[in-house]
Amino acid sequence: MDPKTIEKSKAGETVTERISGSEAVVKCLLAEGVDVVYGYPGGAIMPVYDELFNYQDKLHHVLTRHEQGATHAAQGYARISGRVGVAIATSGPGATNLITGIADAQIDSTPIVCITGQVYSHLLGSDAFQETDIVGISTPVTKWNHQITSAEEIPEVIAKAFYIAKSGRPGPVLIDITKNAQLEEVDFSYEPCKRVRSYKPAPNVDPFKVAEAARLINSAKKPLIVWGQGVILGQAEKELKTLVEKAGIPAAWTILGASALPTEHPLNVGMVGMHGNYAPNVLTNSCDLLIAIGMRFDDRVTGRLNSYAKQAKVIHFEIDPAEVDKNVKTDLAVLGDARESLTMLLPHIEKNTHDSWLREFEKLHKVEQEKIIDHDLNPTKDALTMGEVIKFINENTDGDAAIVSDVGQHQMIACRYAKFNKTKSNITSGGLGTMGFALPAAIGAKMGAPERDVVAIVGDGGYQMNIQELGTIFQTKVPIKIVVLNNNYLGMVRQWQQLFFDKRYASTELSNPDFVGIAKGYYIDAKRVTKREELAAAVSEMMKSKDAYFLEVVVEKEDNVFPMIPSGASVSEIRLE
C-alpha cells in the first residue's frame, strides 16, 4: 500500500492514513493543539526530528542548550498559558537530563508531556549504547508514564498522555518510544482521549459538605483563607474574589497561589510560609476557622505541625484526596475542582465583615513595615537591596508583568514585593526548589504569552546552573528580561549559615565571571549597576527594550530575608530579625 493512501474505516467515519510512527507522533501533537515543543535531538529520537523538519510551518521546535532547559521551558509555557508543555529528548543521558524538570513539574502540578527516544525493542535490557530504563527512573516523579514498542500504540498512548497530564490535578507524563516504533508504519487516525478506566480526575463535589462549609464560614468570628495554586489551576480566581469580598474574610496565599487575587486587594493580607508576611503567619494561630483552598499544607507553610492552627477548625477544599489529612487534620474536607466547589458554596455565604479581626492584621503589618519592608524597599545605607530592584520593576510594569523567579533569597524577595495584577503572573519552582529554573522557564513563559512582559529574577548562583540557555535566547530572539541580583554568595544557604552555623560560610561564596561580557557574547544587550542613582534608569531602559535584555544588579553581600520561620519552629515564632 502507498504510505500516503487514505482509507475510510468500516464505520465510514474515521479517516486513516498509512504513515511512519515518527510522523504519527508529530500529527498527534498537532491534533492536541501543540504549537511549540522544546528539545534536543539525538540518535534514538532522530526519526521524530526528521519528521519535525517537514512540519516547521505548523510546529515550532525550540532547540534548548540542555534537556533540563527543555523541561523548564515547557513548564514556563504551561504555567502561563494553562496548556500542556512539551519536551523531547533522546535516550540515555538525554532522557535522564529531563528528570529534574519532570520532578519539579510533579510536585508543582504542572502539565507537561515529555517524549523520549529509546533503543530498538530487541535491544531493550541489553545495555545497548545510550540505553537507560527511563520508565523505571521516572516512575516516582511522573503522574503516568509508558513505553511504546510498536507504532500502532502511538496515537492512543499520546492521546492518553495529554488527557492525564492536563486533567484533574495536572502533572508530568513521560512517553518513551523505541526506535523501531518510530520507523514502522501505522494506519494512523487520532481520537482525543476523554476518559481512562479506573482514573477519576476530579471527585464529585458533595453538596452537603459544601453546605456545612458555608455554615462554618458564616458563623466564624476570625476566619482566615489560605489559598494555593489549585485556585489558578482550577480557573477559580473570580470565585475566590467573590467569596473573599462577600464574606469579608482576610485571605493569604502560598507562593504558587500568588496572583490569583491582586496583590493590592484590601483583603489580600499577604504570603504565608517561611519567608511570608508577619501578620498571616502569626494569626494563623489565632483564627477560629482556617479555610484552605487548593493548597497542600507544605512544611514551608505550616512550620511545626503540632502547633499549627490547633485552635481552629479546618476546612480543606482540595481536588486530590491524597492531600487531605496528609499533613494537617481537617474538620471538613470538600473534595472536587476548586471552581466547581466555590461556585456551589457562594449562594450559601452570607454577606459579612470582620473589621475587628482585620485590624489585627493591620496592626501586625505595621510592625513588619517598620522593621523590614521599609529597609528592603527604601534603604538608607549605601548598598543596594534586592527589594528596591523589585520596586523599580513594579513601577515600570504597573504590576502586569509575569515574574519568573529562580530559587533562593531573590525568589523570596520577588514573591514578597512584586505586584501581581493578573493571574498566572508568579512563575517559580515551589515544591522542589530547583536552582536553574528561571532562565529556561522565562523563555517558555514568553512563548506561552508573547503579549506579556516576562522578567526573570535570578541569583548569581542559580543563573550559572543553566546559563547556557542564553544561546537559546540568542537563537530564538525571545525578548525576555533577565535580572541577576548578584551578592557573590549562595545567599539563602549563607543566611542559614550566618543564623544557625556561627557564620561558618562553607562553600557558599562565589567568584563570579563577567556576566555582562557573557551576555554580550550572546549578542544580548546588557548592563551592570552598582550604585543606587543608576538603578531607576537601568530598569527603565531594560523594560523599554524590544529585545532580550540582561541587567546585573550588585546588591549587599550579607543581607538577609526576613521575616523567617526557623526550621522546626511554629508559624507564630516567626522572626523579624
Side-chain angles (χ1 to χ4, degrees), residues 29-30 32-38 56-62 64 69-70 72-87 110-112 166 170 229 231-238 241 256-265 390 392-406 414-415 418-428 437-458 469-470 472-483 524-525 539-551:
L29 296 178
L30 291 171
E32 288 289 343
V34 176
D35 56 2
V36 60
V37 297
Y38 303 90
Q56 295 176 74
D57 59 331
K58 296 180 180 178
L59 188 56
H60 178 45
H61 177 270
V62 176
T64 58
H72 292 328
Q75 287 179 273
Y77 177 93
R79 292 272 287 274
I80 203 168
S81 70
R83 301 167 67 188
V84 177
V86 179
T110 305
I112 62 173
K166 65 188 177 184
Q229 189 185 202
V231 171
I232 296 172
L233 295 174
Q235 300 178 51
E237 295 93 339
K238 180 182 176 181
K241 183 171 182 286
L256 295 184
S259 80
L261 189 70
T263 304
E264 296 186 331
H265 191 285
I390 304 301
F392 283 116
I393 291 173
N394 288 336
E395 291 178 2
N396 280 269
T397 63
D398 295 322
D400 291 335
I403 304 297
V404 185
S405 56
D406 213 79
C415 291
K419 290 183 180 178
F420 301 119
N421 292 332
K422 296 180 178 179
T423 189
K424 299 185 179 76
S425 290
N426 185 44
I427 299 168
T428 192
F437 172 88
L439 190 60
I443 295 170
K446 183 63 177 177
M447 291 180 173
E451 75 285 358
R452 299 192 64 182
D453 286 327
V454 174
V455 183
I457 306 294
V458 198
E469 298 308 329
L470 291 174
T472 308
I473 296 168
F474 165 58
Q475 185 166 348
T476 61
K477 309 302 181 189
V478 60
I480 66 171
K481 316 305 179 191
I482 308 158
V483 180
I524 296 171
D525 289 338
V539 172
S540 177
E541 179 182 326
M542 174 182 71
M543 295 311 305
K544 288 178 181 176
S545 174
K546 301 298 184 184
D547 303 314
Y549 196 105
F550 172 83
L551 178 64

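All heavy atoms count here, side chains included; hydrogens, waters and symmetry mates do not.
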Restricting to non-hydrogen atoms, name the atom on [X] and the atom on [Y] that form the minimum distance, rounded to 0.1 Å.
X      : Y      : value
Ala258 : Asn426 : CB-ND2, 3.6 Å
Asn396 : Met543 : CB-CG, 3.8 Å
Thr110 : Ala78  : CG2-CB, 3.9 Å
Leu59  : Val34  : CD1-O, 3.4 Å
Lys446 : Pro479 : CE-CG, 3.6 Å
Asp400 : Arg452 : O-NH2, 3.0 Å

Note, [X] side chain near [Y] side chain (heavy atom, < 4.5 Å):
X      : Y      : result
Glu237 : Leu261 : no
Thr64  : Pro440 : no
Asp406 : Ile457 : no
Met447 : Tyr38  : yes
Val455 : Ile393 : yes
Thr428 : Val404 : no

Distance check, rounded to the nearest 0.5 Å: [X] atom [atom1] versus [Y] atom [atom2]?
X      : Y      : atom1 : atom2 : value
Tyr549 : Ile480 : OH    : CD1   : 14.5 Å
Leu470 : Leu439 : CG    : CG    : 5.5 Å
Ser425 : Ile80  : OG    : CD1   : 7.0 Å
Phe420 : Cys415 : CZ    : SG    : 6.0 Å
Lys241 : Thr423 : NZ    : OG1   : 13.0 Å
Ile473 : Ile443 : CD1   : CD1   : 4.5 Å

Decide side-chain contact (heavy atoms from CB on, under 4.5 Å) for Val37 and Val62; before the verdict, give the C-alpha distance in whole Å, the side-chain angles of both, and the deciding distance to 0.1 Å. CA-CA 6 Å; Val37 297; Val62 176; over 6 Å; no

Taking [Y]'s backbone N and O only, do any of them form a donor-acceptor pair with [X]'s side chain (distance below 3.5 Å, no angle check)?
X      : Y      : answer
Ser405 : Ala414 : no
Ser81  : Gly448 : no
Arg79  : Pro111 : no

Do Gln475 and Thr472 have side-chain N/O donor and acceptor atoms under 3.5 Å apart?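 No.
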
Is it true that atom NZ of Lys477 has more than 12 heavy atoms of other residues, nucleotides or ligands lying nearer than 6.0 Å?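 Count over threshold, so yes.
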
Tell me whether Lys424 at atom NZ has more than 12 heavy atoms from other residues, nucleotides or ligands lying less than 6.0 Å away.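 Above 12, so yes.
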
Quick one: ring pair (Phe, Tyr, Trp, His ring centres under 6.0 Å) partners of Phe437, sequence neighbours excluded?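 Phe437 satisfies ring pair (Phe, Tyr, Trp, His ring centres under 6.0 Å) with His72 only.
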
Taking 4.0 angstrom as the limit, do Asp398 and Lys419 come out as a salt bridge?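 Lys419 and Asp398: not salt-bridged.
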
Checking salt bridge (charged side-chain N to carboxylate O under 4.0 Å, His left out) for the pair Asp35/Lys58: CA distance, chi angles, key distance, verdict? CA-CA 7 Å; Asp35 56 2; Lys58 296 180 180 178; over 6 Å; no

Output, in order, the C-alpha distance, side-chain angles, deciding distance and verdict of side-chain contact (heavy atoms from CB on, under 4.5 Å) for Val36 and Tyr77. CA-CA 9 Å; Val36 60; Tyr77 177 93; 3.3 Å; yes

List for me each residue that meets salt bridge (Lys or Arg N to Asp or Glu O under 4.0 Å) alongside Glu32, sequence neighbours excluded, and say none if there are none. Lys166

Sequence neighbours left out, what passes salt bridge (Lys or Arg N to Asp or Glu O under 4.0 Å) with Glu395? Give chain and number order. none

Side chain to side chain contact (heavy atoms under 4.5 Å, CB included) with Val539: which of Ile390, Val483, Leu551?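 Single side chain to side chain contact (heavy atoms under 4.5 Å, CB included) partner of Val539 among Ile390, Val483, Leu551: Leu551.
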
